[in-house]
Amino acid sequence: MPGCFKKMLFALASLISFVSFMLIVVAMGTPKWMTGKILCKTGADLVNATDPELVKFIGEIYYGLFRGGKIRQCGLGGRHSKFTIFPHMVKKLNTGLHVMIIMFLCVAIFFSLVSFGFCILNAIKVPYRAINGPAGACLWNFIAGGFVVLAATSFMAAVKLHHLTERIANFRENVFRFVILEEHFEDCFWICVASATAHAVNLLLIAISGIHFPKIKTKTEEVNVAAEDIMY
């Protein structure tokens, strides 16, 4: 049976793995990975809008991995619309990269659950095989955290290198052209970063559980029994 300190560490690690699993699931299902401000360039150019008038042509956009929405401002008031990435819009994006982001997160979800199970196992008993012990728990946490990092990095590449926000903003816009004024990574993106950090914390906890702390030995005082004491 593992010691009390080791049980506590692995119980905490299992809780963190489960929290990481929940964070990824929530992040994938929420449509706010990115928000931004979009300028209706065509409308502004038609009326030669100056700085004070440009406010009438600045809208907003937000999106996640599966859906999003935008407010179009082309001089006639705001028009709200919602969209889904699949099945139509993904053809206009970098399909391979977008699907890879989703696949990375699905793999991370799987290994987060595997990590959760292995940490529970190590909290209950000491496994006979090394792969079932702390080494295995470290491996699954490393893989789960690594895939989350890959997903977050790929999403950043899609936004910054492949102009994901601009492509989404101009999807099915035959008359007006939109340019991106501002874009910000939102809570759901940072939730994924928090998930990767959670797995890094787990690696630290598992490493601490393998440290053998020296036991404090109490010196027993030797009692010298004198001949006189024996007589009594």
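All values derive from a computational prediction rather than experimental measurement. The first residue in the sequence is number 1, and the count goes up from there.
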Interatomic distance, [X] atom [atom1] to [Y] atom [atom2] [nearest 0.5 angstrom]:
{"X": "R167", "Y": "L93", "atom1": "CZ", "atom2": "CG", "result": "7.0 Å"}
{"X": "I206", "Y": "K6", "atom1": "CD1", "atom2": "NZ", "result": "10.5 Å"}
{"X": "T165", "Y": "E182", "atom1": "OG1", "atom2": "CD", "result": "12.0 Å"}
{"X": "I61", "Y": "M34", "atom1": "CD1", "atom2": "CE", "result": "10.0 Å"}

### Query
Take atom CZ in F18; do more than 12 heavy atoms of anything else shown fall under 6.0 Å from it?
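Not buried by this count: 12 neighbours or fewer within 6.0 Å.
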
#### Entry: M103 atom CE, neighbour heavy-atom count above 12 within 6.0 Å
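No - once you tally the heavy atoms of other residues, nucleotides and ligands closer than 6.0 Å, there are 12 at most.
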
### Message
Please determine whether side-chain contact (heavy atoms from CB on, under 4.5 Å) holds for the pair L205 and I16, giving the CA-CA distance in whole Å, both sets of side-chain angles, and the decisive distance to 0.1 Å.
### Response
CA-CA 10 Å; L205 291 176; I16 291 174; 3.8 Å; yes

Examine [X] and [Y] and state if one hydrophobic cluster contains both, with Ile, Leu, Val, Met, Phe, Trp and Tyr joined whenever side-chain heavy atoms are less than 4.5 Å apart.
{"X": "I191", "Y": "I101", "answer": "no"}
{"X": "F176", "Y": "I180", "answer": "yes"}
{"X": "L164", "Y": "Y62", "answer": "no"}
{"X": "V175", "Y": "I168", "answer": "yes"}
{"X": "V19", "Y": "V193", "answer": "no"}

Could you report the tightest heavy-atom contact between [X] and [Y], atom names first, then the distance?
{"X": "F185", "Y": "W190", "result": "O-NE1, 3.2 Å"}
{"X": "A152", "Y": "F189", "result": "O-CE1, 3.6 Å"}
{"X": "C192", "Y": "V148", "result": "O-CG1, 3.0 Å"}
{"X": "N170", "Y": "F178", "result": "OD1-N, 2.7 Å"}
{"X": "F104", "Y": "S154", "result": "CE1-OG, 3.7 Å"}
{"X": "R72", "Y": "E173", "result": "NE-OE2, 2.8 Å"}

### Task
For a ring-ring contact (aromatic ring centres under 6.0 Å, His included) with W140, tell me which candidate from F147, F21, F111 qualifies.
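Result: among F147, F21, F111, F111 is the only option passing the ring-ring contact (aromatic ring centres under 6.0 Å, His included) with W140.
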
### Task
Given side-chain contact (heavy atoms from CB on, under 4.5 Å), test V107 with F110 step by step and report yes or no.
CA-CA 5 Å; V107 173; F110 173 75; 5.6 Å; no

Would you give me the side-chain donor-acceptor pairs under 3.5 Å for residues 78-87, sequence neighbours excluded?
| from | atom 1 | to | atom 2 | distance (Å) |
| --- | --- | --- | --- | --- |
| T84 | OG1 | F86 | O | 3.1 |

### Message
The test is side-chain contact (heavy atoms from CB on, under 4.5 Å); show your working for V159 and W33 and say whether it passes.
### Response
CA-CA 11 Å; V159 171; W33 279 54; over 6 Å; no

### Query
Does K70 make a cation-pi contact with F171 (under 6.0 Å, within 45 degrees of the axis)?
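Pair K70/F171 does not count as cation-pi.
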
### Query
Do any N or O atoms from the side chain of T42 and from the backbone of R177 form a donor-acceptor pair under 3.5 angstrom?
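Checked: pair present.
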
### Query
Any sub-3.5 Å donor-acceptor pair from T153's side-chain atoms to L150's backbone N or O?
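A pair under 3.5 Å: no.
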
Within the structure provided, determine whether [X] and [Y] are in side-chain contact (heavy-atom separation under 4.5 Å).
{"X": "L105", "Y": "L65", "answer": "yes"}
{"X": "F66", "Y": "I102", "answer": "yes"}
{"X": "N94", "Y": "H98", "answer": "no"}
{"X": "F10", "Y": "L121", "answer": "no"}
{"X": "Q73", "Y": "I58", "answer": "no"}
{"X": "V179", "Y": "I38", "answer": "no"}
{"X": "V114", "Y": "I143", "answer": "no"}

### Message
Using the rule side chain to side chain donor-acceptor pair (under 3.5 Å), only one of S17, S115, S112 pairs with H199; which is it?
### Response
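So the option named by the test is S112.
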
### Query
Hydrophobic cluster mates of L203, side-chain heavy atoms under 4.5 angstrom, ILVMFWY only, any path?
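Members other than L203 - counting any ILVMFWY side chain reachable under 4.5 Å - are F142.
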
### Message
List the residues meeting salt bridge (charged side-chain N to carboxylate O under 4.0 Å, His left out) with K160, not counting sequence neighbours, and say none if there are none.
### Response
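Testing K160 for salt bridge (charged side-chain N to carboxylate O under 4.0 Å, His left out), a comparison that skips the adjacent residues, returns E183.
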
### Message
Between F118 and N141, is the side-chain contact (heavy atoms from CB on, under 4.5 Å) condition met? List the steps.
### Response
CA-CA 10 Å; F118 270 68; N141 273 284; over 6 Å; no

